[in-house]
Amino acid sequence: DQQVKQNSPSLSVQEGRISILNCDYTNSMFDYFLWYKKYPAEGPTFLISISSIKDKNEDGRFTVFLNKSAKHLSLHIVPSQPGDSAVYFCAAITYSGAGSYQLTFGKGTKLSVIP
Amino acid sequence: ETGVTQSPTHLIKTRGQQVTLRCSSQSGHNTVSWYQQALGQGPQFIFQYYREEENGRGNFPPRFSGLQFPNYSSELNVNALELDDSALYLCASSLDERGQRYFGPGTRLTVL
């Protein structure tokens with residue numbers, strides 16, 4: 001039972017255009033979400049996050065939108081650059097009773113930005 | 001500042017064998033977590049160690065075990081390897097239990 005879903009395995013976008021990556025979740029207890037970027041032969045690196053008390057968070061070319069009622073979030077990259085070509089993972093935080101947390105990841109979307 | 005490192009990079013084992021994967025945390029980080037990423041899937045949480053104690057575990061059987069050492073480096077041990085254990089194993093360290101996770105490049109394990 002996948003609690004974080006990324007239904008598009010891949011996405012191709014022209015350089016300079018907008019990239020929109022989507023993510024849906026099923027667990028209404030999730031209250032903090034993150035996006036990670038992964039290049040081949042490297043570990044995932046943190047990109048941007050959003051708390052459930054917000055509906056938008058922006059960091060340079062990257063903006064994450066959260067629609068709690070629809071249990072949906074999206075990552076917008078504007079303008080897209082060839083260096084953005086990577087696999088993007090959506091992740092949600094689950095807190096444990098010990099004050100720690102674990103990440104629940106989606107399957108990822110492979111973004112290709114075409115020069 | 002040294003990032004998170006993992007060894008070995010690649011490993012091939014046969015079914016039924018045991019394997020140990022290693023992770024060196026980023027300097028000053030006292031929390032380490034391990035994830036399994038099967039082909040075409042996202043990383044799945046295995047377990048987490050905070051100051052040498054396991055304080056969180058995902059849906060993995062007991063043959064997946066770990067250790068965290070006083071210098072906060074860590075090991076993941078898998079006994080009685082199965083074909084489905086073939087995956088990329090990622091470790092992530094953080095300053096504390098609630099801190100940002102910094103991932104290593106992973107160890108690619110192939111079980112034949």
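Every chain is numbered from 1 and lettered A, B, ... according to where its sequence line falls, protein lines coming before strand lines. Computed from heavy atoms alone, side chains included, the values below leave out hydrogens, waters and symmetry copies. Bear in mind that the values here come from a model prediction, so they are computed numbers and not experimental data.
Summarising the geometry of B:P105 relative to A:A41, their closest heavy-atom pair is CB-O, 3.7 Å, with the distance given to 0.1 Å. When all heavy atoms of A:F89 and B:P43 are compared, the closest pair comes out as CE2-CD, 3.9 Å.
Within 6.0 Å of the CZ atom in A:R17, the count of heavy atoms belonging to other residues, nucleotides or ligands does not exceed 12. Annotation for A:K107: atom NZ does not count as buried by contact number, only 12 or fewer foreign heavy atoms lying within 6.0 Å. With a 6.0 Å radius and a threshold of 12 heavy atoms from other residues, nucleotides or ligands, B:R63 has its CZ atom above the threshold.
For B:Y35 and A:F105, the ring centers sit closer than 6.0 Å to each other.
Between the CG atom of B:N55 and the CD atom of A:Q102 there is a distance of 10.5 Å, given to the nearest 0.5 Å. One distance of note links CD of B:Q44 with CG of A:L103; it measures 12.5 Å at 0.5 Å rounding. Distance check, rounded to the nearest 0.5 Å: CG of A:L34 to CZ of B:R101 gives 10.0 Å.
If you tally non-hydrogen atom pairs under 4.5 Å between each of B:F103, B:F47, B:Y50, B:Y102 and chain A, the highest count goes to B:F103. In terms of non-hydrogen atom pairs under 4.5 Å with chain B, the most contact-rich of A:K110, A:Q6, A:E42 is A:E42.
Side-chain N or O atoms of A:Y101 include one that pairs as donor or acceptor with a backbone N or O of B:G99 at under 3.5 Å.
A:W35 and A:I77 fall within a single hydrophobic cluster, where Ile, Leu, Val, Met, Phe, Trp and Tyr are joined by side-chain heavy atoms under 4.5 Å apart, directly or via other members. Hydrophobic clustering of Ile, Leu, Val, Met, Phe, Trp and Tyr side chains at less than 4.5 Å, counting indirect connections, keeps A:Y32 apart from A:Y88. A:V4 and A:Y36 fall into different hydrophobic clusters, where Ile, Leu, Val, Met, Phe, Trp and Tyr are joined by side-chain heavy atoms under 4.5 Å apart, directly or via other members. Both A:L111 and A:F62 belong to a single network of hydrophobic side chains, linked directly or stepwise wherever heavy atoms of I, L, V, M, F, W or Y lie under 4.5 Å apart. Linking ILVMFWY residues whenever their side-chain heavy atoms come closer than 4.5 Å, directly or via other members, leaves B:I46 and A:Y95 in distinct clusters.
When heavy atoms are compared at a cutoff of 4.5 Å, B:Q48 approaches chain A solely by way of its side chain, counted from C-beta outward. In this structure, no portion of B:Q6 lies under 4.5 Å from any heavy atom of chain A.
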